[in-house]
Novice: 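Attaching a single structure in structure tokens format; questions to follow.
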Amino acid sequence: MDLMLYNTLTRRKELFRPIQPPQVGLYTCGPTVYNYAHIGNLRTYIFSDVLKRVLAYNGYKVRHVMNITDVGHLTGDRDMGEDKLEQGAQREGKSAWEIAAHYTEAFKKDIERLNILSPTVWCKATETIPEQIQLIRILEQKGYTYRTSDGIYFDTARFAGYTKLSHQNLEALQEGARVERNPEKRNATDFALWKFSPPDVQRQMEWPSPWGTGFPGWHIECSAMSMKYLGEMLDIHCGGTDHIDVHHTNEIAQSEAATDRKFFNFWMHGAFLIIAGGKKMAKSEDNFLTLDVTVARNRVEPLAFRFAAFQTHYRKPMEFSEEGLAAAQNGLQHLRNQVRALLDGASPAVIDSQYQEKFRQAVNNDLNMPQAMAVVQEMLKSDLPAPIKLATLFDFDQVLGFDLQGLDAGEALPDEIRALADARRRARKEKQWALSDQLRDELQAKGYVVQDTPQGMKVFKA
RNA sequence: GGCGGCAUAGCCAAGUGGUAAGGCAGAGGUCUGCAAAACCUCCAUUCUCCGGUUCGAAUCCGGAUGCCGCCUCCA
């Protein structure tokens, strides 16, 4: 079965073939670490996690690079705002480096709780400054840059094919109302490669360069880092849809201008998460929800959000609601209970090839997770024997990432719990219902689930 | 102004020419000391609306309406 992926470059699903099979180079735009990630951001990382797992499911060896943007991402438009890290430092009374470290850790914790696999390489913008400077020098030698009073800029008019990703009409775009102009720019779409430190302000993050002390522009880091860590394996680059028009467009322009070669073969973009009222989640709105807050407020597990994300295809806006999240938690719990029931007296055997093929077709059709989830249910409801269902489901879980194999089927309980469970078994046998119910309450209070199944009483950690 | 997307049951949603997946919620039932859990059954003659093409359309074409995203920091 072929793997078909939607490519923003061509606006259609294409057959995926890596440049150096069986290796695949995957670059995912990581967070700018000046604040916590919200669940909308995290939805996009769940999308790229599925992509990565599906590549592996198809037998590819994935080299995954994710950057941490810890400098240079400006708050304002037209390359004239403040650096987000420096601003965050001011807001919280810490150094820019402390801010970056804190939010980087928070981000890593979030993705771990969502069972998002760690990238092969984490890289930071601040640790790739020489490579970025080198790239800018090449662009300068080739005549793609010009200098203004505040930095070195890329002249987008000199790069043919600037709109190949965004498919935008630049003339019409220029007619659009622009709030703030950078008067020194030659073209509205030009962007900073290197920004000079302001003469009157002492920046915490700044480096010497051939053009003067300063810091890199936001886009150049991704070009430098993907080239450094992926080499020739520029297979897939992904991120959120908002990056199509500016960030990724600029990455392509500067990279291809520098190397005279195609940058990435595939560009994939995840759609936004929107909340009731139809608005996207944004840090500027008051609908900003972190994973911590969402999980605590709704009394669900982080993985419930992962389950919820699988209900919608990644290229469609995901309608988020507390009701939907609760539904996902119930669905996840049900799935686990099904596994526990199967695990009772059976162990995984052989994978069913027919359902495996159906599952593969779903995920290989541009990561159609809603359909893949339907295949999961269909398989579980089938007449297959338990050992085959288990093996097949565990195979699917390589993509799903619900940790179903780690489920406790009732073994390995602490002595205290085991004693309580045994006591309740005796009480039930002797029809001491009051005592039995009391012991059940006690077990539940200690965080254990008690199930009376036709095969007897089962106890496991909730 | 430009570019793009979306509209399917109470909620989330797949399906993109062959007669409506799946999840959650809900109803009934089996099991059970009870409650859960699990299992079984039921739950859209219909896909925003109006035209058209076709033997046949949720799926294609035209139009209308509503909603959203990007073009400005944003996943």
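In this text, all values refer to a predicted model and were calculated from it rather than measured experimentally. Below, chains carry the letters A, B, ... as their sequence lines are ordered, and counting in each starts from 1.
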Novice: Please tell me if Gln451(A) has a side-chain N or O lying less than 4.0 Å from either OP1 or OP2 of A36(B).
Specialist: no

Novice: Parallel, tilted or perpendicular: which describes the rings of Phe305(A) and Phe320(A), with under 30° parallel and over 60° perpendicular?
Specialist: perpendicular

Novice: Output the single nucleotide from C12(B), A75(B), G33(B) whose closest atom is nearest the side chain of His38(A).
Specialist: A75(B)

Novice: Write down the distance between CG (Leu367(A)) and C1' (A14(B)), rounded to a whole number of angstrom.
Specialist: 14 Å

Novice: Considering only atom P, compute the distance from C34(B) to C49(B) and round it to an integer number of Å.
Specialist: 48 Å

Novice: When the distance from CE of Met318(A) to C1' of G5(B) is rounded to whole Å, what number comes out?
Specialist: 18 Å

Novice: Sticking with atom C1', work out how far G33(B) lies from G28(B), rounded to a whole angstrom.
Specialist: 23 Å

Novice: Are OP1 or OP2 of C68(B) and a side-chain N or O of Lys316(A) less than 4.0 angstrom apart?
Specialist: no

Novice: Suppose we call a contact any N or O donor and acceptor under 3.5 Å apart; does that hold for the side chain of Gln371(A) and the base of G22(B)?
Specialist: no

Novice: Among the nucleotides C11(B), A75(B), G33(B), which one has an atom lying closest to any side-chain atom of Glu323(A)?
Specialist: C11(B)

Novice: Which part of the nucleic acid, if any, lies within contact of Gly324(A), taking any heavy atom under 4.0 Å across all strands shown: a base, the sugar-phosphate backbone alone, or nothing?
Specialist: nothing

Novice: Would the base of C34(B) count as contacting Asp452(A) through its side chain, where contact means a donor and an acceptor less than 3.5 Å apart?
Specialist: yes

Novice: Can you tell me, in whole Å, how much space there is between the C1' of U8(B) and that of A20(B)?
Specialist: 8 Å

Novice: May I ask you to decide if the ring planes of Phe191(A) and Phe154(A) are parallel, tilted or perpendicular, using 30° and 60° as cut-offs?
Specialist: parallel

Novice: Whole angstrom is fine here: how far is it from NZ in Lys164(A) over to C1' in C3(B)?
Specialist: 19 Å

Novice: With respect to the phosphate group of A38(B), does any side-chain polar atom (N or O) of Lys381(A) fall under 4.0 Å of OP1 or OP2?
Specialist: no

Novice: Taking U54(B) as the reference, what is the distance to A27(B) when you measure between their P atoms (whole Å, please)?
Specialist: 48 Å

Novice: When you compare the side chain of Leu291(A) with that of Leu42(A), does any pair of heavy atoms fall below 4.5 Å?
Specialist: yes

Novice: C70(B), OP1 or OP2 - any side-chain N/O from Thr241(A) closer than 4.0 Å?
Specialist: no

Novice: Rounded to whole angstroms, how far apart are CH2 on Trp218(A) and P on U72(B)?
Specialist: 12 Å

Novice: Expressed in whole Å, how much space separates the C1' atoms belonging to G51(B) and A13(B)?
Specialist: 29 Å

Novice: Do the rings of Tyr27(A) and His237(A) sit parallel, tilted or perpendicular, given the 30° and 60° boundaries?
Specialist: tilted

Novice: What stem regions, each of at least 3 consecutive Watson-Crick or G-U pairs below 3.5 Å, can be found for RNA chain B?
Specialist: B:1-7 with B:65-71, B:10-12 with B:22-24, B:26-30 with B:38-42, B:48-52 with B:60-64

Novice: Check RNA chain B against residues 429-440 of chain A and give the residues with a non-hydrogen atom under 4.0 Å, in numerical order.
Specialist: Trp433(A), Ser436(A), Asp437(A), Arg440(A)

Novice: Without decimals, in angstroms, what is the distance between Asp245(A) CG and C3(B) P?
Specialist: 13 Å

Novice: Please measure how far the C1' atom in C31(B) lies from the corresponding atom in A25(B), and state the result in whole Å.
Specialist: 23 Å

Novice: Less than 4.0 angstrom between a side-chain N/O of His334(A) and OP1 or OP2 of C24(B), yes or no?
Specialist: yes

Novice: Base, sugar-phosphate, or nothing for Leu42(A), non-hydrogen atoms under 4.0 angstrom?
Specialist: nothing

Novice: Check the distance between C12(B)'s P and Ile39(A)'s CD1 and give it to me in whole angstrom.
Specialist: 15 Å

Novice: In whole angstroms, how far is the P atom of A14(B) from the CD atom of Gln361(A)?
Specialist: 19 Å

Novice: Kindly say if Asn330(A) contacts the phosphate of G23(B), meaning a side-chain N or O under 4.0 Å from OP1 or OP2.
Specialist: no

Novice: Between A21(B) and A44(B), how far is it from one P atom to the other, in whole Å?
Specialist: 10 Å

Novice: On the 0 to 90° scale, with breaks at 30° and 60°, tag the Tyr314(A)-Phe47(A) ring pair as parallel, tilted or perpendicular.
Specialist: parallel

Novice: What orientation do His102(A) and Tyr36(A) show, parallel under 30°, tilted 30 to 60°, or perpendicular over 60°?
Specialist: perpendicular

Novice: If only side-chain N and O atoms of Asn368(A) are considered, is one of them under 4.0 Å from the OP1 or OP2 phosphate oxygen of A14(B)?
Specialist: no

Novice: For atom C1', what is the distance between G5(B) and U41(B), given to the nearest Å?
Specialist: 39 Å

Novice: Could you state the CG-C1' distance from Asp190(A) to U72(B), rounded to the nearest angstrom?
Specialist: 16 Å

Novice: Pro370(A) side chain: which of A37(B), A13(B), C24(B) is closest?
Specialist: A13(B)

